[in-house]
Amino acid sequence: MVAAKTASTRWLVRIIPLILAGCAGLATYVVVKRKNGVAAAFLTLYFVFLLCMLLSYFRVFLEIQHNPGVTPLGERAVVQRERDKERKRQGRKAESDLEAGEQYEAGADNNPDSPGLERFYSKNVFVCNTDGRPRWCSSCCTWKVDRAHHCSELDRCVKKMDHYCPWVGGVVGETSFKFFVQFTGYTALYCIVVIVATVICLKSKLDSGQGVDGLVIAALAISAFFGLFTFTMTATSIRYAIVNLTNVDYLKSKNMVHQLAIRVPRGTQGTPKYSVITYPLPKRSGPGHEKDPPRDQLATRTFAIVKTEMGENPWDLGPYRNWQSIMGNSPVDWLLPIKPSPCAVYENNESFYEMGPLYEQLRERFGLPELSSSEKGEAIELKQHRHVNGTDSTRGS
């Protein structure tokens with residue numbers, strides 16, 4: 001379980017479920033006990049949406065608490081955070097400015113055998129920096145997998161981070177976004193039912209001369225507030241799902257340029273259109289330095305470093321396939337909070353996430369040579385070699 005850094009946020013996450021339970025309890029009391037003019041069929045609809053809302057809420061809350069989709073910390077970050085915990089237990093601050101700034105000295109690991117680097121160049125394409133190496137998180141001291149963003153609330157990198165939401169217990173990302181959409185959708189429908197029921201109840205009381213009921217007014221106001229909020233969140237989230245962007249991605253999508261390392265035949269030379277990098281990164285040569293082991297000789301790969309045009313999305317599969325990659329392959333998956341998002345369990349030698357048509361367009365745009373059949377088969381061979389030697393790893397998990 002990964003908790004927020006600040007105590008106030010942690011307490012807020014614990015209190016909010018009680019607030020939501022109180023609101024649902026009030027609405028249920030008003031709709032069931034004071035159901036003036038409300039038909040039995042309408043009550044059935046109320047409890048169907050209530051059940052769906054509760055199930056989806058529990059699913060997204062538990063997913064966020066137990067599987068938030070954070071990437072592992074690097075060794076330096078683990079050591080630094082253990083030191084910070086020890087200082088906190090001892091009730092002392094950093095002894096010097098140098099000690100306080102230790103965590104900011106964690107520049108990119110220049111070791112050619114840097115832990116986690118192999119899982120990038122074992123793919124055929126990944127997001128990279130200008131020098132061709134993967135993005136580096138100086139706080140987590142690790143290589144960032146594609147589409148991961150650093151969450152300041154958790155102080156961890158989160159795969160496909162969308163936003164931090166204390167209403168559902170924490171950060172919404174790759175593993176929980178589907179269930180978040182289902183929760184907000186069912187909550188919006190539930191609130192609509194409550195609004196209609198309370199309006200019918202209020203009208204019935206006024207027509208019979210009973211006067212205004214304070215509890216009915218309170219239930220109407222609360223359901224209207226949460227209904228508007230969750231409807232907006234649902235519509236926004238559905239839009240993001242259709243274009244295969246997260247909230248973080250969308251905020252900078254119009255001006256975003258992605259830099260990709262795309263595999264090309266071994267030994268390909270750079271051109272004015274693109275530069276190249278070869279993995280594994282070169283080691284020191286000379287007396288006392290061993291030759292590259294067979295694993296590195298097998299894994300030697302060349303990548304062309306290219307850029308997309310501003311606003312292009314390499315992971316855009318088209319509206320329907322984008323939707324399926326997040327919500328599931330069938331209407332049953334879309335409606336029930338059971339199966340995880342397909343993108344959260346995606347495993348492929350090509351890339352961390354399924355690439356859209358832009359990938360092939362970039363190869364053609366920059367005139368990248370095609371891989372030979374033997375080189376295409378090396379991905380499977382390398383993965384099998386890593387698995388046998390116990391070095392295989394998933395997408396940053």
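Owing to the predicted nature of the structure, the values given are computational and were not obtained by experimental measurement. Sequential numbering from 1 along the given sequence is applied to the chain's residues.
- Listed for the Thr308 side chain is a donor-acceptor partner under 3.5 Å among the backbone atoms of His258.
- Among residues two or more places apart in sequence or in another chain, the ring-ring contact (aromatic ring centres under 6.0 Å, His included) test is passed with Tyr250 by Tyr240.
- Exactly one residue among Phe352, Phe303, Tyr353 makes a ring-ring contact (aromatic ring centres under 6.0 Å, His included) with Phe126. That residue is Phe303.
- Ile15 belongs to a hydrophobic cluster with Ile19, counting contacts under 4.5 Å between side-chain heavy atoms of Ile, Leu, Val, Met, Phe, Trp and Tyr, direct or through other members.
- The aromatic rings of Phe229 and Trp167 are tilted relative to each other, their planes meeting at an angle between 30° and 60°.
- A donor-acceptor contact shorter than 3.5 Å is absent between the side chain of Glu82 and the backbone of Val79.
- A distance-only check finds a donor-acceptor pair linking the side chain of Lys178 to the backbone of Asp333 [under 3.5 Å].
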Decide side chain to side chain donor-acceptor pair (under 3.5 Å) for Asn329 and Arg321; before the verdict, give the C-alpha distance in whole Å, the side-chain angles of both, and the deciding distance to 0.1 Å. CA-CA 9 Å; Asn329 297 317; Arg321 287 186 62 201; over 6 Å; no

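- For Arg147 and Trp315, the positive end sits near the middle of the six-membered ring, less than 6.0 Å away and at most 45° from its axis.
- No side-chain heavy atom of Ile242 sits less than 4.5 Å from a side-chain heavy atom of Asn322.
- A donor-acceptor contact shorter than 3.5 Å links the side chain of Arg301 to the backbone of Tyr121.
- In the model, Thr246 has no side-chain atom that pairs as donor or acceptor with a side-chain atom of Asp162 under 3.5 Å.
- In the hydrophobic clustering of ILVMFWY residues, with side-chain heavy atoms under 4.5 Å counting as a link, Trp334 and Leu317 come out apart.
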Just do the side chain to side chain donor-acceptor pair (under 3.5 Å) check on Tyr186 and Gln182 with the steps written out, would you? CA-CA 6 Å; Tyr186 283 127; Gln182 291 172 330; over 6 Å; no

Please evaluate residues Thr230 and Thr184 with respect to the criterion side chain to side chain donor-acceptor pair (under 3.5 Å), reporting the C-alpha separation (whole Å), side-chain torsions for both, the decisive distance (0.1 Å), and the verdict. CA-CA 5 Å; Thr230 54; Thr184 56; over 6 Å; no

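- Under a 3.5 Å cut-off, the side chain of Lys307 and the backbone N or O of Thr130 do not form any donor-acceptor pair.
- In this structure the side chain of Thr302 never reaches within 4.5 angstrom of the side chain of Arg263, judged on heavy atoms.
- Residue Asp155 comes nearest to Lys5 through the heavy atom pair CB-CD, 3.5 Å, listed as atom of the first residue, atom of the second, then distance.
- Applying the under-4.5 Å side-chain rule to Ile, Leu, Val, Met, Phe, Trp and Tyr, the cluster around Ile338 extends to Val332, Leu336.
- Put simply, OG1 on Thr28 and CG on Leu43 are 10.5 Å apart, with the number rounded to the nearest 0.5 Å.
- In this structure, a donor-acceptor pair under 3.5 Å is absent between the side chains of Glu118 and Tyr279.
- A donor-acceptor pair is defined here as one N or O able to donate and one able to accept, closer than 3.5 Å; no such pair exists between the side chain of Lys160 and the backbone of Leu245.
- Nearest heavy-atom pair, Pro72 versus Arg156, reported as atom, atom and distance to 0.1 Å: CA-NH2, 4.0 Å.
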Can I get a per-line list of side-chain donor-acceptor pairs under 3.5 Å for residues 187-196, giving both atom names and the distance, sequence neighbours left out?
unit_1: Thr187; atom_1: OG1; unit_2: Phe183; atom_2: O; d: 2.7
unit_1: Tyr190; atom_1: OH; unit_2: Tyr46; atom_2: OH; d: 2.8

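- The two residues Glu174 and Cys343 have their closest heavy-atom pair at OE2-O, 3.7 Å.
- In the hydrophobic cluster analysis, where Ile, Leu, Val, Met, Phe, Trp and Tyr join through side-chain heavy atoms closer than 4.5 angstrom, Val243 is grouped apart from Met256.
- Taking hydrophobic clusters as Ile, Leu, Val, Met, Phe, Trp and Tyr residues chained together by side-chain heavy-atom distances below 4.5 Å, Phe42 shares a cluster with Phe47.
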Step by step, work out the side-chain contact (heavy atoms from CB on, under 4.5 Å) result for Thr142 and Glu75. CA-CA 8 Å; Thr142 190; Glu75 184 178 352; over 6 Å; no

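- Remark: side-chain polar atoms of Ser237 are paired, donor with acceptor, to backbone N or O of Met233 under 3.5 angstrom.
- Grouped with Met310 in one hydrophobic cluster are Val257, the linkage being side-chain heavy-atom contacts under 4.5 Å among Ile, Leu, Val, Met, Phe, Trp and Tyr residues.
- Separating the CG atom in Leu117 from the CG atom in Leu281 is a distance of 5.5 Å, to the nearest 0.5 Å.
- The shortest side-chain heavy-atom distance between Arg365 and Leu362 falls under the 4.5 Å cut-off.
- In this structure, the separation between OG on Ser325 and CD on Glu354 is 7.5 Å, given to the nearest 0.5 Å.
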Cys165 and Phe180: side-chain contact (heavy atoms from CB on, under 4.5 Å), yes or no, with the steps? CA-CA 10 Å; Cys165 180; Phe180 176 80; 4.2 Å; yes

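- Pairing each heavy atom of Ala108 with each of Trp143, the nearest pair is CB-CH2, 4.3 Å.
- Side-chain contact between Gln80 and Ser139 is absent, with no heavy-atom pair separated by less than 4.5 Å.
- A distance of 6.5 Å separates CG in Asn348 from NZ in Lys123, rounded to the nearest 0.5 Å.
- With rounding to the nearest 0.5 Å, the separation of CD1 in Ile262 from OG in Ser351 is 10.5 Å.
- Side-chain atoms of Asn129 do not come within 3.5 Å of backbone N or O of Asp131 as any donor-acceptor pair.
- For the pair Asp109 and Arg76, the minimum side-chain heavy-atom distance is below 4.5 Å.
- In plain terms, the two heavy atoms of Val171 and Met161 that are nearest each other are CG2-CG, 3.8 Å.
- Contact check for Thr6 versus Glu153: side-chain heavy atoms found under the 4.5 Å cut-off.
- Using a 4.5 Å heavy-atom cutoff, the side chains of Val181 and Met327 are in contact.
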Start with the C-alpha gap between Gln259 and Ile305, add the side-chain angles, then the distance that decides, and say whether side-chain contact (heavy atoms from CB on, under 4.5 Å) holds. CA-CA 7 Å; Gln259 195 154 244; Ile305 304 167; 3.9 Å; yes

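- Judged by distance alone, with hydrogens and angles left aside, the side-chain atoms of Arg266 form a donor-acceptor pair with the main-chain N or O of Thr300 at under 3.5 Å.
- In the displayed structure, Phe231 atom CZ is contacted under 6.0 Å by at most 12 heavy atoms of other residues, nucleotides or ligands.
- The same ILVMFWY cluster, assembled from side-chain heavy atoms under 4.5 Å apart, contains both Leu202 and Leu26.
- A pairwise comparison of heavy atoms in Thr198 and Ala219 identifies CG2-CB, 3.9 Å as the closest pair.
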Between Asn244 and Asn313, is a side chain to side chain donor-acceptor pair (under 3.5 Å) present by the stated rule, with each step listed? CA-CA 8 Å; Asn244 205 347; Asn313 179 9; 5.6 Å; no

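- Atoms OH and CD1, on Tyr164 and Ile64 in that order, are 8.5 Å from each other to the nearest 0.5 Å.
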Given the rule in the side-chain contact (heavy atoms from CB on, under 4.5 Å) test, do His149 and Asp249 qualify, once you have shown the distances and angles that lead to the verdict? CA-CA 9 Å; His149 298 280; Asp249 295 332; 3.1 Å; yes

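- Using a 4.5 Å cut-off between side-chain heavy atoms of Ile, Leu, Val, Met, Phe, Trp and Tyr, with links allowed through other members, Phe177 and Phe58 fall into the same hydrophobic cluster.
- With a 4.5 Å cut-off on side-chain heavy atoms, Thr268 and Pro369 count as touching.
- When hydrophobic side chains of Ile, Leu, Val, Met, Phe, Trp and Tyr are connected at separations under 4.5 Å, Val78 ends up clustered with Leu73.
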